[in-house]
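Notes to accompany the following structure.
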Amino acid sequence: MRIRNKNFDIKQIAESGQCFRMDPISENKHSLIAFDRYIELEQVEEDLIDISCSKTDYEFIWKDYFDLDFDYGSIVGKLNSDSDEFLKAASSFGRGIRILRQDPFETLISFIISQNKNIPSIKVCIERICETYGNRMKDNKSGRDYYTFPTPIVLAEAKKEDLRALKLGYRDEYIIGAARAVAVGDIDLNALKICSHDEAVKALKSIKGIGDKVANCISLFGLHHIEAFPIDVWMKRVLSEYYQDKFDPEKYSGYAGIVQQYMFYYIRHIHGVSN
DNA sequence: TGCCAGGAAGCCG
DNA sequence: CGGCTTCATGGC
């Protein structure tokens with residue numbers, strides 16, 4: 001399936017820190033595991049992408065996953081006509097980034113793992129969880145084996161000693177607790193998609209192991225509340241070095257999360273980080 | 001070897 | 001409320 005879009009850069013999305021199961025497999029080509037499926041994406045040209053999926057799967061799954069009905073170009077354009085020089089450069093540099101509509105449960109667990117870890121380390125942990133608790137699948141087109149992300153019920157029944165062997169550190173009991181909360185219905189992730197960002201964050205923070213930053217990441221990347229504004233160590237760097245801690249996300253009310261992604265991606269580039 | 005990573009909980013004042 | 005310490009693990 002071939003898609004033409006001016007604001008759709010696979011490498012940028014893969015390196016934007018919002019998803020952890022998108023990996024380079026060759027020059028201009030990435031693999032992605034999501035929703036129990038495996039696809040490959042090739043950046044043919046700057047605004048042209050090939051996805052290894054049927055037209056039906058594109059229409060019903062991937063178009064939504066990549067948020068392709070939303071016009072990111074209008075956001076980039078708006079930021080480029082603004083007086084904020086840092087955001088002008090950041091949005092221009094990361095203009096191919098999009099906010100994915102990922103599976104809420106996978107996002108929830110992934111960002112609990114993310115705390116106090118770098119991105120390569122987060123990926124390793126997630127793969128270990130999938131290999132241990134997910135289902136082994138085979139993609140016929142590429143011949144590749146892969147593992148799905150486990151369901152809430154399976155993870156909720158995991159033993160702490162078994163998780164300990166996966167080297168998740170102190171996060172293992174957070175993961176079991178969160179999976180149980182979802183499995184028994186204490187947390188209804190689909191309901192949190194419909195309610196407001198503030199309500200979602202409040203509900204998420206009732207889970208042990210989820211603080212303000214992780215809750216905002218889940219809200220932004222798993223529930224698609226694009227007004228969320230997660231502040232991690234990189235964002236703290238941006239806000240202090242370029243804004244003297246006076247940046248107000250309210251200026252970008254309604255889409256601050258997109259602005260945040262441009263900032264995050266750009267500051268890491270400035271500091272020479274590429275994973 | 002000490003420091004850092006898409007932090008959060010527990011405790012103290 | 002704000003600041004400090006501790007919590008596993010891996011990479012540099």
>> Taking any heavy-atom pair under 4.0 Å as a contact, classify A:Lys167: base, sugar-phosphate, or nothing.
In response: sugar-phosphate

Give every pair of a protein N or O atom and an N or O atom of nucleotides 1-5 of chain B that lie under 3.5 Å apart, one pair per line with the distance.
{"residue": "B:dA5", "atom": "OP1", "partner": "A:Arg237", "partner atom": "NH2", "Å": "2.4"}
{"residue": "B:dA5", "atom": "O3'", "partner": "A:Lys117", "partner atom": "O", "Å": "3.0"}
{"residue": "B:dA5", "atom": "O3'", "partner": "A:Asn118", "partner atom": "N", "Å": "3.3"}
{"residue": "B:dA5", "atom": "N7", "partner": "A:Asn116", "partner atom": "OD1", "Å": "3.2"}
{"residue": "B:dA5", "atom": "N3", "partner": "A:Asn116", "partner atom": "O", "Å": "3.3"}

> Starting at NZ of A:Lys123 and ending at C1' of C:dT9, how long is that distance when rounded to a whole Å?
Replying inline: 18 Å

> Roughly, in whole Å, what's the span from OH in A:Tyr170 to P in C:dC7?
Replying inline: 11 Å

> To the nearest Å, how far apart are A:Asp172 CG and C:dA8 P?
Replying inline: 9 Å

> Under the 3.5 Å rule, do the base of B:dG7 and the side chain of A:Tyr174 count as making a donor-acceptor pair?
Replying inline: no

>> Closest approach to the side chain of A:Phe111, judged atom by atom: which nucleotide of B:dG6, C:dA8, B:dG7 is it?
In response: B:dG6

> Where each residue is assigned the nucleotide of DNA chain B containing its nearest heavy atom, which of A:Ile210 and A:Gln261 is assigned the position nearer the 5′ end?
Replying inline: A:Gln261

>> Ring-plane angle category for A:Tyr242 and A:Phe86, please: parallel below 30°, perpendicular beyond 60°, tilted otherwise.
In response: tilted

>> Suppose the criterion is side chain to side chain donor-acceptor pair (under 3.5 Å): which pairs have a residue in residues 254-263 of chain A, not counting sequence neighbours?
In response: none

>> Nearest to the A:Lys208 side chain among B:dG10, B:dA8, B:dG6, which nucleotide is it?
In response: B:dG10

>> Any side-chain to backbone donor/acceptor pair from A:Arg128 onto A:Leu168? Under 3.5 Å, distance only.
In response: no

